[in-house]
Amino acid sequence: MRAQIEVIPCKICGDKSSGVHYGVITCEGCKGFFRRSQQASVSYSCSRQKSCVIDRTSRNRCQHCRLQKCVATGMSRDAVKFGRMSKRQRESLFAEVERVKQQQQNLQQEHHSPGEADALVTFPSKGLLNGQGRLGEPQDPAYPFGKSSQAEPKPYPSEEEEEGKGKGKGKGKGKGRGADVGSRFNPLESRQPSPDQQPVNAPGLTCRLVCVLPSLLSSDCLTANIVKSHRETCQYRVEELQALRWKVFSREEVLAYQSKSVEEMWQRCAYRLTDSIQYVVEFAKRIDGFLELSQNDQIVLLKGGSLEVVLVRMCRSFNPDNGTVFFEGKYGGTEVFKSLGCNDLIASIFEFSQSLCALHLSEQEVALFTAVVLLNPERAWLQDKEKVARLHSHVDVAFKNTLQRSHRDTVLSKLSQKTLQLKSLCSLHIDRLRSFLELRPLLAHSLFPPLYHELFTDSPDAPLE
Ligand code: HC3
């Protein structure tokens, strides 16, 4: 049973667990920490807000909050050992082991695509861009890397649905948030929820009440909306990603990637990237105010910002301890991407992730920062720049308030440097893509999914119809 329990990550920090310690499934580190904390002479204090995030990388930073979390999670010196657990406790532990094993299996499927692992992954609705064949992988019969489970798409679990699982909710399966698009990259058409669906953007009751009050509170509502939108569209949950960090590509697996042809590797990366971008599009649609922008401006913002958001989100899938990223089911370093033949681009992307990880952004901060990045009013070809600027400024205020409250204001200046780096990463990406296409003008169309073309190969700066 102990070996089975170890599939569940440490409840305190998410690291690999080693069994039940002091009544809770924890890693050796948290077990030792809790044991030491129980000595009479020990007393900890928090120099922040007593709400520090405790994860594998940050757990040593605040002993006070780590101990709080241990106690809140149920660790106690007198806790019963596993052998003496009640039947009910044992059953629920077995159920959890099974659930986590299933999640890990899903996440590791080499040809993983959105929608395969409900509990781990949130997935784009069928709607938005992929209704009529303009969006690659999920519906494209030419998708080259195995089956696409998107043939029977499931909707994003809204907060209500997630909470109401097993209570007969979740109606409207497969309808997502709306209808499909025409032949152009068009994020608009899925606006109307079907009558039997709860509109995903609807704020909770508290927010609906609070939003009649002035600015500071309404900025809290916007924060809540953006964090919820991020949570629903972030592709993988960060705790699960962290729990899988020990799964690293073997030498043979790396060699297998390295011996792929340049074309195959480009195609793989293009499909993975397009997958991630679909989630970003869904994220954008759920941000209050985004769908009120003109169709042109929605498209301009997504064309200009979706890769930037994917690159920011990549820090969640990145392990800064060994410089690896979660890609196709396991963690691998830059060497996995060698056969792409653009080592400079890959190295810069990895360096970027490494430096972003050093800021230890919380999920709330990632959510708000990506919204700020996406709603950039400086993008060329915007029709109503002022309207975008107003929305951007609301999100910016919400982000600043949030950072201020958690005494993280210093992160702000570091993040504005990151914004510049993002811009240069995206132009490097376009440069490498152009060189690749110049050498293979005929291949390009068959290699990449349609959305990838729309975003990166249809002259990116051209005005939209
Ligand atoms: C950045 C990346 C594409 C996206 C990949 C993502 C972010 C996808 C979500 C996963 O959870 C984590 C992840 C891992 C690796 C990421 C890729 C690394 C390299 C690739 C670049 C954009 C390379 C350029 C590929 C090209 C030229 C075909 O567009």
Side-chain angles (χ1 to χ4, degrees), residues 110-113 136-137 140 142-146 247-278 280 303-304 306-315 317-320 322-357 418 420-461:
E110 200 205 342
H111 304 311
H112 169 82
S113 62
E137 186 268 322
D140 190 344
Y143 182 62
F145 307 119
K247 284 224 163 245
V248 178
F249 285 121
S250 66
R251 177 98 202 101
E252 291 69 38
E253 288 166 327
V254 172
L255 285 174
Y257 273 112
Q258 292 180 341
S259 56
K260 289 187 193 308
S261 68
V262 185
E263 287 78 13
E264 181 183 345
M265 202 56 197
W266 272 70
Q267 193 179 30
R268 269 178 187 267
C269 285
Y271 272 88
R272 293 295 157 222
L273 179 56
T274 308
D275 261 5
S276 304
I277 285 176
Q278 288 180 52
V280 174
K303 274 191 144 194
S306 55
L307 177 57
E308 294 189 357
V309 173
V310 167
L311 294 174
V312 173
R313 284 180 165 197
M314 185 175 147
C315 73
S317 316
F318 191 81
N319 180 358
N322 58 5
T324 56
V325 71
F326 187 76
F327 180 78
E328 299 195 331
K330 287 194 181 176
Y331 279 82
T334 50
E335 64 281 4
V336 167
F337 302 95
K338 196 173 160 203
S339 61
L340 275 177
C342 35
N343 292 347
D344 56 346
L345 171 65
I346 297 300
S348 312
I349 290 176
F350 272 61
E351 265 165 41
F352 177 79
S353 269
Q354 185 82 37
S355 66
L356 207 54
C357 284
K418 298 287 150 221
L420 299 176
Q421 290 170 13
L422 280 172
K423 204 172 160 198
S424 67
L425 284 178
C426 289
S427 42
L428 187 57
H429 175 249
I430 289 295
D431 283 353
R432 295 295 162 268
L433 180 58
R434 285 203 180 125
S435 322
F436 177 85
L437 293 179
E438 262 165 33
L439 293 173
R440 306 162 182 81
L442 299 177
L443 246 185
H445 256 89
S446 56
L447 274 189
F448 302 136
L451 175 60
Y452 186 92
H453 280 292
E454 301 235 21
L455 289 168
F456 305 120
T457 71
D458 286 359
S459 54
D461 292 331

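Fair warning: this is a prediction, and the values are worked out from it, not measured in the lab. Counting begins at 1 with the first residue of the sequence. Side chains included, hydrogens not; waters and symmetry mates left out as well; all remaining heavy atoms used.
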For E335 against Q258, the heavy-atom pair lying closest together:
O-NE2, 3.0 Å
Quick one, L420 with K423, criterion side chain to side chain contact (heavy atoms under 4.5 Å, CB included). Give me CA distance, side-chain angles, the key distance, then yes/no.
CA-CA 5 Å; L420 299 176; K423 204 172 160 198; 5.6 Å; no
Please report the interatomic distance CG(L447) to OH(Y271), rounded to the nearest 0.5 Å.
8.5 Å
What distance do T324 atom OG1 and K247 atom NZ have between them, rounded to the nearest 0.5 Å?
13.5 Å
Verdict with supporting geometry, F326 and N319, side chain to side chain contact (heavy atoms under 4.5 Å, CB included)
CA-CA 8 Å; F326 187 76; N319 180 358; over 6 Å; no
Say you draw a straight line from CZ of F327 to SG of C269; how long is it, rounded to the nearest 0.5 Å?
4.0 Å
State, to 0.1 Å, how close F318 and C357 come at their nearest heavy-atom pair, and which atoms those are.
CD2-SG, 3.9 Å
Do the side-chain N and O atoms of K418 and S355 include a donor-acceptor pair separated by under 3.5 angstrom?
yes
Interatomic distance, S306 atom OG to L311 atom CG [nearest 0.5 angstrom]
9.5 Å
When you compare the side chain of F456 with that of H429, does any pair of heavy atoms fall below 4.5 Å?
yes
For a quick test of your reading: what N or O donor-acceptor pairs under 3.5 Å do the side chains of residues 337-350 make, sequence neighbours left out?
unit_1, atom_1, unit_2, atom_2, d
S339, OG, Y257, O, 3.3
D344, OD1, R432, NE, 3.2
D344, OD2, R432, NE, 3.1
D344, OD2, R432, NH2, 2.5
S348, OG, D344, O, 2.7

F448 side chain reached by T274 side chain, heavy atoms, under 4.5 Å
no
With side-chain hydrogen bond (donor to acceptor under 3.5 Å, both in side chains) as the criterion, how do E253 and S250 come out once you've worked through the C-alpha distance, each side chain's angles and the decisive distance to 0.1 Å?
CA-CA 5 Å; E253 288 166 327; S250 66; 3.3 Å; yes
How far apart are the closest heavy atoms of L422 and E308, and which atoms are they?
CD2-O, 3.7 Å
Hey, what do you get for NZ (K260) to CG (L255), rounding to the nearest 0.5 Å?
11.5 Å
First locate atom CH2 of W266, then atom OH of Y452, and finally report the distance between them rounded to the nearest 0.5 Å.
5.5 Å
Student check: side-chain heavy atoms of L307 and L455 closer than 4.5 Å
no
Would you check if V336 and E328 make a side-chain contact, meaning some heavy-atom pair closer than 4.5 Å?
no
Lys/Arg N to Asp/Glu carboxylate O, R268 vs E264, below 4.0 Å
yes
Taking S424 for its side chain and Q421 for its backbone only, find out whether a donor-acceptor pair lies under 3.5 Å.
yes
